[in-house]
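Side chains are part of it too, since the values below use all heavy atoms of this structure and drop only hydrogens, waters and symmetry mates.
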Amino acid sequence: MTRGGGALTTRYGARRGAVVWAVTAAVCALTAAAALLVPGPAGADGRRGGAHRADRAAAGPRVPEAAAKCQDPEASLRPAGGTDGPAVQRIKNRGRLIAGVDQNSFRWGYRDPANGRLSGFDIDLVRAVAKAVLGDADKVTFLAIPTNQRIPALEKGKVDIIARTMTINCDRIKQVAFSTAYFEAGQQVLAPKDSPIKAFDDTLKGKKVCTAKGSTGESELTNESHGAQVLTVPNQLDCLVRLQLGRVDAVITDNALAAGQAAQDPSLRLVGKPFTTEPYGVAMNLRDSDLVRRVNEVLEEYRRGGTASAWMRAYEKWLAHELPGITGPPVPKYKD
């Protein structure tokens with residue numbers, strides 16, 4: 001997304017006028033948190049939208065045994081070729097992959113004003129999955145899913161996959177299945193350049209801090225708020241708007257997302273050091289083990305080729321400017 005003109009008056013002054021585009025995008029996110037972005041044709045049963053509701057209505061989610069004794073949540077199912085399983089076949093019968101994504105995260109999942117298309121690192125990965133499963137990278141129906149609705153969207157069968165800077169952790173693998181990690185980030189503090197806040201520490205005491213509901217940031221602040229007043233919102237970009245309007249003093253989020261926001265708004269900066277490790281994975285329903293294996297197969301190919309790999313090309317295109325120095329993707333871990 002590009003920066004718009006005009007002035008935005010806040011208690012930090014008019015220096016934030018360059019980020020009107022972000023305010024506009026987030027206002028839309030606040031009022032239309034789960035909008036359908038790219039409509040596709042109806043599925044094989046003639047219905048639109050729902051990925052696989054009927055075959056899941058009867059039973060609740062199954063908790064894998066590994067989740068009960070979680071030591072290595074990043075370990076996923078090994079890629080396996082051969083006959084398509086029921087989840088992959090369902091997508092083929094429908095003729096489209098239904099993917100939950102973000103439309104407001106610069107560099108990760110956002111609508112490019114130059115062509116109106118969804119763009120970003122996560123979007124490229126979704127298109128790679130569609131290409132592998134359906135033979136066409138454009139056979140995707142994208143749904144904008146708020147942070148706090150990512151897991152419900154999978155559990156209710158609204159989407160086949162979620163590719164939305166979603167951290168793999170022990171709590172989440174009880175509810176959804178993940179691919180191997182495709183990126184590694186960390187929680188960090190985003191604050192105005194003239195702020196007295198220095199890090200995720202006691203300089204937050206008495207300050208208003210925003211984070212997305214259902215995010216790792218919310219979990220960290222629940223465990224240790226450092227005396228901050230915590231505000232949670234549906235989408236992470238909603239926090240950026242509140243920071244720009246002076247309604248909060250800082251934002252806790254993944255540094256991968258925050259770096260893009262700081263690049264858009266020169267009055268903001270990341271402070272302190274990352275205080276968590278955040279491996280991002282593609283999330284799927286617990287029952288869709290064959291789809292997990294297929295996505296991991298895609299990721300194996302995506303990583304292959306060293307500096308010439310599709311992963312490195314996507315990194316150089318979308319992330320290298322704000323997150324320099326990364327030499328390759330995380331090494332995949334498998335549990336079988």
Sorted by chain and number, sequence neighbours left out, side-chain hydrogen bond (donor to acceptor under 3.5 Å, both in side chains) with Glu301 holds for Arg304

Qualifying ring-ring contact (aromatic ring centres under 6.0 Å, His included) pairs, either residue in residues 143-170, two or more places apart: none

Check side-chain contact (heavy atoms from CB on, under 4.5 Å) between Pro274 and all other residues, then give those that pass, not counting sequence neighbours. Gln188, Asn255

Sorted by chain and number, sequence neighbours left out, side-chain hydrogen bond (donor to acceptor under 3.5 Å, both in side chains) with Glu322 holds for Arg107

For a quick test of your reading: what N or O donor-acceptor pairs under 3.5 Å do the side chains of residues 116-130 make, sequence neighbours left out?
{"from": "Ser119", "atom 1": "OG", "to": "Arg117", "atom 2": "O", "distance (Å)": "3.4"}
{"from": "Asp122", "atom 1": "OD1", "to": "Tyr182", "atom 2": "OH", "distance (Å)": "2.7"}
{"from": "Asp122", "atom 1": "OD2", "to": "Thr165", "atom 2": "N", "distance (Å)": "3.0"}
{"from": "Asp124", "atom 1": "OD2", "to": "Trp318", "atom 2": "NE1", "distance (Å)": "2.8"}
{"from": "Arg127", "atom 1": "NH1", "to": "Asp138", "atom 2": "OD1", "distance (Å)": "3.2"}

For Tyr315, enumerate each residue passing the ring-ring contact (aromatic ring centres under 6.0 Å, His included) test, keeping only those at least two apart in sequence or located in another chain. Trp311

Results of side-chain contact (heavy atoms from CB on, under 4.5 Å) for Ala262 - residues two or more places apart only: Leu190

Sorted by first residue and then second, give each ring-ring contact (aromatic ring centres under 6.0 Å, His included) pair with at least one member in residues 189-223; sequence neighbours left out. Phe200-His226, Phe200-Phe275

Enumerate the side chain to side chain donor-acceptor pair (under 3.5 Å) contacts for residues 204-220, please, sequence neighbours excluded, ordered by first and then second residue. Thr211-Ser215, Thr216-Glu278

With sequence neighbours left out, write down each residue that passes side-chain hydrogen bond (donor to acceptor under 3.5 Å, both in side chains) with Lys273, or none if nothing qualifies. none

Under 3.5 Å, is there a donor on one side chain and an acceptor on the other for Arg303 and Ser309? no

side-chain hydrogen bond (donor to acceptor under 3.5 Å, both in side chains) against Gln229, all qualifying residues, sequence neighbours excluded: none

By side-chain contact (heavy atoms from CB on, under 4.5 Å), Glu74 pairs with (sequence neighbours left out) Asp72, Ala181, Pro279, Lys333

